[in-house]
Every structure is written in structure tokens, then in C-alpha cells.
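As C-alpha cells, the structure follows; a few thoughts come after it.
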Amino acid sequence: MSKITKWDSMEVLHESKNLPIYPHKAKLQRAVKDNSFLVVTGETGSGKTTQLPQYLHQAGFWRDGKIGVTQPRRVAAITVAQRVSEEMHCSLGREVGYQVRFDDCTSEDTVVKYMTDGCLLREILTDPVLSQYSVIILDEVHERSLNTDILLGLLKQTVSSTDEACKGRSLPLKVVVMSATLETDKLSVFLGGCPVFTIPGRSFPVICRFGCAIGEKDTESTVYVKEVVKMALDVHTGEPAGDILVFLTGQSEIEKACDILYEKAESIDYRYDVQDGKVEGLLILPLYGSMPTDQQKQIFQPPPPGIRKCVVATNIAATSLTINGIKYIVDSGFVKQLNHNSRVSMDILEVVPISKSEAQQRAGRAGRTSPGKCFRIYNQEFWEKCMPDYTVPEIQRTSLTSVILTLKCLGVHDVIRFPYLDRPEERFIMEALKQLYQCDAIDRRGKVTALGELMVEFPLPPGLTRALLQAASLGCEDLLLPVAAMLSVENIFIRPGHPEKQKEADKKHRLLAEQAGGCNDFTILLSVFEKCKASDHPSAWCKNHFIHWRALKSAFSVETQLREILVRLQKKRDFPMEKFDGNKSELFRRCLCTGYFTNVARRSVGKVFCTMDGHGSMVHIHPSSTLFDQEAQLDWVIFHDVLVTSRVYLRTVCPIRYDWVKDLLPKLHEVDVYELSSVARQEVTDEEMAKWDSKESAKRQAGVSVEETIKKMEKRNDESSVTDARARYQQRKLERQQRKAP
DNA sequence: GAGCACTGC
């Protein structure tokens, strides 16, 4: 009651009446009342993220339920909530709050709730009709994050379907979709032709210029690194005061570029004297995600008088971090992108040209506080021929295994005809179904199993969850929980760029491996986790052992969260329990096999292994593995993931015994595509089921042995898609060598 | 014999 009187009587004192969205206030409030769906579009500075939730609050929507606002990123959810709570004169966590992973800052009073899109998706799992909410606002929809895309489809279904799906709701849910001005018609059509509100932005004009150096055929890293450096120096000597932001693709490129800049900038004797001061020197600052946090913070410090700042960054500066004072952009035109290859079931990290919309996003970073300029090092031809209009949405280039399980658990059985804004390729869906079937999350009819219901609770890839649950049912979860946590954070082993430090780091890592027993890479992760946790000075211990302290800290949080989820599930009566007699090391590895038997490889000749997943890819053990150089003693191994560079490398490897996976192997080729597409559409009739069963038994009767299957898989060797990526990689290497030669 | 962007639960 108290909150009702408070908000009814209290006028909102501080209101940003100067924002471009303000004149639209009444119309927006009306439009949300009158429509189930609404698209609101406006570029940066329109005030839509901070103001619209307040307008809806003032219009009284909070009386019917919370106003939920999603963001693709944690920091955004937190900082916007902070701002809005100030504007509404309440303390953060009361009327205005936020929820992100590991940090729930909400209370019973919370009526305006900012959260990450992933958090809302979790919430839908326990409350499918979102009975707590009157309005859901999806923000930054143009970024097309996987979770936002899924939410979009789910909310469309929930709101459009009349009675059945809305049980538990007294009033219909309102959905507002906010996006930058791109593709809003498409969104409106997707949401049944709903109205579109356009709010003018408030950013400054940015003049874009094309270069002439990079054309259609220049995709070699050394070329564009040199070119951005040259361009940055030209800006420095030729343009008035204002900081520079350079976009490159990764850490090593950035370090290279900075090295050249340090060298050249020092040799420039340069004074620029005009109006507001002079530019004398250049302050060069690298910026990428894996950099220590305190070093990242330096970026935000204003430069000393007379000094121009030049930040050389990855895409992290495109959306995640905003640097004030940037007036000039130097755009390489490239980005590193993780693409999933369903032909070989591998993720491949590739350098690709950015999209035109991404280029505009980068340019926009120069016009936040004053007019700016954007220097693109590529030419018009590159823009026309190599750069797509839009970035392929994440849902179309990522493994869908987790997402499909989530959908299935939400009762979306027909995962092919689910309303996707952009439909993923059918083979991506088939691959996900196959993996889910293989780790017992769904049955042959595509129905979620009891195990699958447990698995969906964990924020982990299903295979790893399967291994964890197996361990839990055998009473050895203490071995798997830390490993699962370590595998879901960034790489914990630091390997510096300088050769001497590198040697030292390798030595320390080898020592850690020896102390852990040196038998496999999973055990090393467990050992490092435990050693650090037991240490009196964990951060010093990490530094001493070349271990990433920030990563390990987050592994500790993840482990705690996973343990909490597990304890909650174990209280359920039907949690599976089994017995096992044998030694702990074997138990540990057998649990891994249960989840990772899809990632199994057998040594064929020399140091070459062949995957048994049905693709028969030829792979090698990565040199960072403790098993590297011991290949001759190995036969069967399982692995956590692969890295495609000059070769296909297995990382985080564990030797196993053939008879641990023998019984599981037939499952790798049991399902055929015809079955899967029926399963995906949920059209499995009893006759079909009977047919499949008889086929299975016929196979068994014919005595198709596991050994024969293995032979068949080795023969297939279907790795052409990886070969493509590798060929490109080697081509680049060759070009580099040729360039060095003269 | 090592060539990994970013985000999220």
C-alpha cells in the first residue's frame, strides 16, 4: 500500500525535459495502452532507454505489474538502473532495481526492473507468462543478441496466442521493442504490423572518408595494421585537437600497431596551434577485453593538456565501452567473428570484413560529444563488394544446442516453425537436436527427458552439464563442479608476448601440471582451482604462476552458483543416484565420458587423431596440452573443444579407455536426418516410431559392430569446410612470407 | 610446437 500512496501523490521532480523523446511522452503512453506491440526507434541520445520506462511508470502501468527492461550487457543494465533511480529520487534496489548474473539488486518494491536479456530468459523458465510484469521493453534489439532474438519470438507467441498461453495473467502483456533506426519495418511486420515510433537522436554529424589502400583483395593483417597506423599519424599531424579511436581485430594486432605508433610518434616533431590549444604529443593506449581491468581504466582518463589520446581497440569500443572526447575514428574494416560450422560441428574464429551497419556504428563513436570524422582505410569498392549490409545475427552463426533445449523446456516442440525474426539454417537445428539426443536431454520423439529438465537449469553447454549430473549421481560432484566452472570462464593460463617471459610461464604451467599428476588437462584445471582457493594470497599465487586472477575469481563465483543449482535440484525426490566402485581418477574420467563422448577422437597415425563424431576430422593435440608430445602413448581421447588455426587442434584433452565409450559410440550415428526433421516438427507418429525401431533392431541383428562403425567414420573424413578455413589461413601465411622475402 | 573478438546465464 505504501508504494501506491507514494507514487500517486508524488510528482516526479527531476525530469529530463530537454531530451528528444520528451515531446512524444503522451503519445508513447497512449500507444502502449492501445497496442500489444510497439516498436520504438531512435539513435543514441534520444533518451529512450532511461525515459520510456519512467513514462510508463507515470502512466500507472506499475500497478498491474513490473515494467521490465532488458539489455544485452550487464554494465548497461546496472548503469542505466542507477541513473533512472536517481532521476526518480529513490534508492537503487527499491522502486528501481536491476538484476544480472551474480547480482540481484531488486526488492519487493521494485516496479522498474532493468536486467540482462539472459536473466529474463531464465525467468521465463519458471514463469512462462511473466505474470509479474505488465510491460516488457526489449532494448538494443538491433544488436540481435541470441537471447534477445529468442525473447522476441517467445513474447510474440505469448502475446499473440489468446487464452491458453496466457493463463495466469489477468491482463495482456505489453511488449515494446526498441531498436536503432535500422530494419524497423521488418520488426513491425514480424510483430503483426504494429506501430513504429521514431524519435530523433541527438548525436553530432560524422564525416566519413574512404581510403584507397585496402581493396577487395587485401585482407592480410600486416597490410591493414600498417595502413591504420599511417592513417592515425596523418590525423595526428593534420587535424585539430580531439582524440583518436582506432579499430583493429585482436590483441596481437593492437600490440603491433601500438609498437609502430610509439616509434613513429616519437620521431614526429609536431605542434598544432589553433583556437582551443595545441597538440604536441600523442598518448597511445591499447584496449582489448583480456587486458587487466586497471589498465583498461586508464583509457577513460583525460589526456594531459596538449596531448592527444589515441586508443587502439578491438570491437569492445564499438558497444561495450564508451570513451569520451573521441573525435576521429580510424576504421580497419575488419573484425574477429566466431562462426559455427555445422558441417564439422566446430566453432571457427575468423577475421572477416565488418558489415556496413557495423561501420556506421563505429563511425558514430566520433560524434557523441561534438562533430567528428571517420577515416576508413578501405575503398568504396571494398565497401560495395566485401561488406554485407548487416551483420549476420548471432542466432544464424552459433551452436544452438542450449537454446533449443531451453525452447523445448518452454513447451516449444516445433523448433523449426518457431517464430524466428531470422530463421537459423535447418541443419543448425538438426545438429542441436542430435547433440541433445546424444546427451539424453531429449528422447527419440524430441520430448525433453527428466534429465533434460535438470540440465536446462545449468548455465553450461549441455555436454558439460551431462558430465556434471553424472558426477553428482555418483557422488563425486566436487571433482566436476570446479572443472565446469573453469571451462566456462576465459582462459586462465597467461602466456605473455615476450619470449623470455613466455618460457618462464611455460615452465610454471608445466610445474602445475606435474603437481596435478600430469595425467590430463581437466585434472590440471581442478588442481589449479583448488590450489588457488587454498592459498592465503590467491592473487599473488596467480601472479606467481602466470594464472589469470580475474578469470579464476569468476570461476569461483561460477562454481558457487553451479553448486547452489545442484543442491536445489538434488532436493527433488527423483534426482538420479547410482553406485560406482573403483578409483576416483577413473570415476572422474568416466563422468567426463558420459558428457563428452561426442567429443571423442582416436589416434590414427603418428600424432594425427581422427574424431569419431561422424565427421571424421583429422585433428592434432594442441601444444599447450599436457598430453602434447605424448601422443605415441595415446589411443582414445576426449576433448573439451577445438581450435582451428593452421591445424585443427584439440584443447583440454583427457585420455580414456575404449571400453568406457564403447557402449555409447553407436549413439553417435544412430539418428538419421529424416528422423531428426520429424522430431524437430513434432510429427512423430506411432507408425514412424515403429519403423525406426524395426530399423534399429535390424541393424543390431545384422551385427553391425562398433569396430565397423569406427572404420566407416574414419573413412568419411568429411572436413572440407574446415579445410576452407585452413586454406585461407595458409594463404595468408604464404602471402606474408612472400612479402618478407624481397 | 603454440597465432582467441565480444557478450550472456
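Keep in mind that the numbers below use all heavy atoms, side chains included, and drop hydrogens, waters and symmetry copies. Numbers restart at 1 for each chain; the letters A, B, ... are given by sequence-line order, proteins then strands.
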At 4.0 Å (heavy atoms only), tell me whether [X] reaches a base, stays on the sugar-phosphate, or touches nothing.
X        : answer
A:Arg101 : base
A:Arg74  : sugar-phosphate
A:Gln251 : sugar-phosphate
A:Ser145 : nothing
A:Asp629 : nothing
A:Leu349 : base
A:Tyr649 : sugar-phosphate

* Asked: Regarding A:Lys501 and the six-membered ring of A:Phe546, is the cationic atom NZ or CZ under 6.0 Å from the ring centre and inside 45° of its axis?
  -> no

* So A:Tyr224 and A:Phe334, would you call those rings parallel, tilted or perpendicular, with 30° and 60° as cut-offs? -> parallel

* Asked: When the ring planes of A:Tyr420 and A:Phe418 are compared, do they come out parallel, tilted or perpendicular, using 30° and 60° as the limits?
  -> perpendicular

Under 4.0 Å between a side-chain N or O of [X] and OP1 or OP2 of [N]?
X        : N     : answer
A:His622 : B:dG3 : yes
A:Thr314 : B:dC6 : yes
A:Thr645 : B:dG3 : yes

Just the rounded figure in Å: distance from [atom2] of [N] to [atom1] of [X].
X        : N     : atom1 : atom2 : result
A:Leu287 : B:dA5 : CG    : P     : 13 Å
A:Leu338 : B:dG3 : CG    : P     : 15 Å
A:Asp149 : B:dC9 : CG    : C1'   : 17 Å
A:Leu650 : B:dG1 : CG    : P     : 16 Å
A:Glu350 : B:dC6 : CD    : C1'   : 16 Å
A:His498 : B:dG3 : NE2   : C1'   : 17 Å
A:Ile395 : B:dT7 : CD1   : P     : 21 Å
A:Glu559 : B:dC9 : CD    : C1'   : 17 Å

* **For DNA chain B, the residues among residues 116-127 of chain A that have a non-hydrogen atom under 4.0 Å from it** => A:Thr116, A:Gly118, A:Cys119, A:Arg122

* salt bridge (Lys or Arg N to Asp or Glu O under 4.0 Å): which pairs involve residues 113-129 of chain A, sequence neighbours left out? -> A:Lys113-A:Glu123

* Residue whose closest nucleotide on DNA chain B lies nearer the 5' end, A:Pro459 versus A:Tyr288 -> A:Tyr288

* Asked: Quick one: CG on A:Leu460 to CZ on A:Arg466, what's the gap to the nearest 0.5 Å?
  -> 14.0 Å

* Aromatic centroids of A:Tyr596 and A:Phe522 separated by under 6.0 Å -> yes

* Ring centres under 6.0 angstrom apart (A:His340, A:Phe428) -> yes

* Among B:dC9, B:dG1, B:dA5, which nucleotide sits nearest the side chain of A:Phe628? -> B:dG1

Which donor-acceptor pairs under 3.5 Å do the side chains of residues 558-566 of chain A make with protein atoms, sequence neighbours left out?
from     : atom 1 : to       : atom 2 : distance (Å)
A:Glu559 : OE2    : A:Arg563 : NE     : 3.4
A:Glu559 : OE2    : A:Arg563 : NH2    : 2.8
A:Thr560 : OG1    : A:Phe556 : O      : 2.9
A:Gln561 : OE1    : A:Arg101 : NE     : 2.8
A:Gln561 : OE1    : A:Arg101 : NH2    : 2.7
A:Arg563 : NH1    : A:Asp478 : OD1    : 2.9
A:Arg563 : NH2    : A:Asp478 : OD1    : 3.3

